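FYI, the numbering just counts along the sequence from 1. One-based numbering, in listed order, for ligands and for the atoms of each. Source: prediction; values computed, not measured.
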Amino acid sequence: MNILVIGGGGREHAVIKTLKKSPLCGKVWCLPGNGGIAADAECVPVKATDLSAIAEFAKSHPVDFAVVTPDDPLVLGCVDLLEGLGIPCFGPEKKAAIIEGSKVFSKNLMKKYGIPTADSMEFSDPMSAISYLKGCQYPTVIKADGLALGKGAVIVNSFAEAEETVRRMMVEKVFGESGSRILVEEFLTGPEVSVLSFTDGKTVVPMVSSMDHKRALDGDEGLNTGGMGTVAPNPYFTPEVAAECMEKIFLPTVHAMNAEGRTFKGCLYFGLMLTPAGPKVIEYNCRFGDPETQVVLPLLESDLLEIMLAVRNGTLTADMVRFSAAYACCVVLASRGYPQKYETGFPITLPACGEGEEIFVAGARKEGETLLSAGGRVLGAVATGKTLQEAVDAAYALADGVHFENAYCRRDIGARALRAAK
Ligand code: AMP
Ligand code: GLY
């Protein structure tokens, strides 16, 4: 089967490398892809949000199956468009992708169906938000309703910070229309767990759990980023917690979406916080997480393409999805200064990957035979191991073999998980 993958980051690189292990997989195109993905797929410079160009490409190439990976094309209706052209897709339709596209929608869904989440208030005008925030306890959390490149959730520690955040979101519109509605949410505490799942709208099969490291600096200091590294599995996600989440969160969410006439098919991502009062949903994503995918897929033992086809066709069963009992760690190498100002365009040298090691490229372009840095997050160095310590050590050894000027990585990816496991 010839496969079209939409997207161009480290997550897409991991998806493509995993799809290519399938005996069913033929040619792979990636729109737009990147200079690293070009080693594994034919990359075509079409933006993931340019739906009409994607449709043109799909019509003029023998595409048998499409995998739409990023949030924005999903929320814009890329799957509806391609399915309308007769191309089967992995990914939710627009009406289901709203579970990530609108935090107000997902909050109301959780309230209506009794799915545990942080208490919150919704506002569509800045004056009432500010007057409510005067009487709030701090810290509290302010979230833009729509997509905001992962930067739409702000933890504020005082009324002054809250007022400033409301102004930026609702008046200056730093996230555009995404900030025209906001949620003010109760601040929760506890370890965070990412659980990606496959669902065809009937069956939901969680993948191995993982832990993201969102802050830019060691010790969870600095600004929030798209993710500086991950480990899997997440030691906090014990079998007891998993059973509770299945009963109170995963199944109820899939059923709630069906009841709303918004059947979700694809990868449904549960961002959870294990609070003293039990697991609660922090966010839903309508897609694979980045960089969670980079540690989850290397542990998948079964055929990703078969699973994706079953999700599309409504024939998913739990026994199709098998994970190894091993561990994985991804260390992200970023350009120094990310997530703020940084320089790019530096030549990258990559080490050879041994058994259980992978480099998934996120932000790089090819110039002749040279790979040049081209983004904030440049690549992920991923290794698996029989223990978490082995995986972490191997991922850092691999990361230390990558060279480009101004490369930066956190040195403590996995440290919290290792402490928890002890
Ligand atoms: P989100 O964009 O909703 O995933 O939020 C980004 C990050 O903000 C999460 O990974 C949490 O670390 C933090 N966060 C979001 N909501 C809350 C909350 N209600 N309480 C505490 N932290 C939160
Ligand atoms: N790593 C978090 C996300 O993909 O949204």
Side-chain angles (χ1 to χ4, degrees), residues 7 9-12 14-15 69-72 74-75 97 99-107 110 116-121 136-157 162 165 169 175 178-179 182-197 207 209-216 220-232 234 236 266-277 279-297 330 332 334 339 360 362 376-377 380 413 416:
R11 165 186 58 198
E12 284 74 11
V15 165
T69 333
D71 49 6
D72 27 13
L74 288 167
V75 169
I99 198 166
E100 174 169 4
S102 168
K103 288 190 192 288
V104 170
F105 169 85
S106 59
K107 187 61 81 176
M110 289 185 272
T117 184
D119 285 337
S120 71
M121 291 284 287
C136 263
Q137 291 209 330
Y138 291 92
T140 196
V141 186
I142 302 181
K143 293 185 174 179
D145 175 41
L147 297 181
L149 298 166
K151 296 183 183 131
V154 182
I155 295 166
V156 290
N157 291 299
T165 302
M169 284 185 186
F175 304 124
S178 287
I182 61 164
L183 289 175
V184 176
E185 193 168 286
E186 167 199 16
F187 178 75
L188 300 176
T189 55
E192 286 185 56
V193 183
S194 304
V195 180
L196 285 57
S197 71
M207 298 180 225
S209 63
S210 53
M211 183 190 287
D212 195 2
H213 298 68
K214 286 202 164 98
R215 300 294 200 95
D220 292 326
E221 304 278 344
L223 295 172
N224 257 327
T225 70
M228 292 299 294
T230 35
V231 293
N234 185 321
Y236 291 103
C267 174
L268 182 53
Y269 168 126
F270 300 91
L272 307 171
M273 197 170 263
L274 307 183
T275 76
K280 295 193 179 185
V281 176
I282 288 281
E283 64 162 347
Y284 292 115
N285 290 328
C286 65
R287 53 170 174 86
F288 284 99
D290 190 341
E292 285 90 343
T293 306
Q294 289 89 315
V295 286
V296 168
L297 290 184
C330 170
V332 169
F360 296 127
R377 290 186 297 172
I413 303 302
R416 184 169 184 198

Between Asp72 and Leu147, the two heavy atoms sitting closest are CA-CD1, 3.9 Å
- Task: Please test Met211 against Tyr236 for side-chain contact (heavy atoms from CB on, under 4.5 Å), starting from the C-alpha separation and ending with a verdict.
- Result: CA-CA 9 Å; Met211 183 190 287; Tyr236 291 103; 3.8 Å; yes
Ligand 1 to Lys214, heavy atom cutoff 4.0 Å, flagged ligand atoms 10 (O)
Exercise for the section: Kindly determine whether Glu292 and Ser194 satisfy side-chain hydrogen bond (donor to acceptor under 3.5 Å, both in side chains), including the steps that lead there. Expected result: CA-CA 8 Å; Glu292 285 90 343; Ser194 304; 2.8 Å; yes
To atom 21 (C) of ligand 1, the nearest of Leu188, Leu183, Asn224 on a heavy-atom basis is Leu188
If we number the atoms of ligand 1 from 1 as shown, the ones under 4.0 Å from a heavy atom of Lys103 are 2 (O), 3 (O)
Nearest heavy atom to atom 15 (C) of ligand 1, choosing from Arg215, Lys143, Glu283, Glu192, belongs to Lys143
Near Glu185 (heavy-atom distance under 4.0 Å), the atoms of ligand 1 are 16 (N), 18 (C), 19 (N)
With sequence neighbours left out, the residues meeting ring-ring contact (aromatic ring centres under 6.0 Å, His included) with Tyr284 are Phe270
Original post:
With the threshold set at 4.0 Å, does a side-chain nitrogen-carboxylate oxygen contact exist between Glu185 and Lys107?
Top reply: yes
Atoms of ligand 2 under 4.0 Å from any heavy atom of Glu292, numbered from 1 in the order shown, are 1 (N), 2 (C), 4 (O)
Test: Glu221 and Arg215 ion pair at under 4.0 Å: no
The atoms of ligand 1 lying under 4.0 Å from a heavy atom of Phe187, numbered in the order shown, are 20 (N), 21 (C)
Nearest non-hydrogen protein atom to atom 6 (C) of ligand 1, with distance, is Ala153 CB, 3.9 Å
In ligand 2, the atoms that come under 4.0 Å of a heavy atom of Gly289 are 4 (O)
Here the pair of heavy atoms bringing Asn285 nearest to Leu268 is O-CD1, 3.6 Å
(message) What verdict does the side-chain hydrogen bond (donor to acceptor under 3.5 Å, both in side chains) test give for Glu100 and Tyr269, after you've listed the backbone C-alpha separation in whole Å, the side-chain angles of each residue and the deciding distance to 0.1 Å?
(response) CA-CA 9 Å; Glu100 174 169 4; Tyr269 168 126; over 6 Å; no
Open item on the list: Taking a cutoff of less than 4.0 Å between a non-hydrogen atom of the residue and any ligand atom, is Tyr269 in contact with ligand 2?
Closed with: yes
Could you go through Asp212 and Thr230, starting from their C-alpha distance and side-chain angles, then the distance that decides it, and tell me whether this counts as side-chain hydrogen bond (donor to acceptor under 3.5 Å, both in side chains)?
CA-CA 5 Å; Asp212 195 2; Thr230 35; 5.8 Å; no
Quick note on ligand 2: atoms under 4.0 Å from a heavy atom of Asn285 include exactly 3 (C), 5 (O)
If we number the atoms of ligand 1 from 1 as shown, the ones under 4.0 Å from a heavy atom of Val141 are 16 (N), 17 (C), 18 (C), 19 (N), 20 (N)
Under 4.0 Å from one or more heavy atoms of Asp212, ligand 2 contributes atoms 1 (N), 2 (C)
Q) Should Pro70 and Glu12 count as side-chain neighbours, where that means a heavy-atom distance under 4.5 Å? A) yes
heavy-atom search around atom 13 (C) of ligand 1 in the protein gives Ile155 CD1, 4.1 Å
the protein heavy atom lying closest to atom 17 (C) of ligand 1 turns out to be Ile282 CD1, 3.5 Å
For Arg287, state whether at least one heavy atom is located under 4.0 Å from any atom of ligand 2. yes
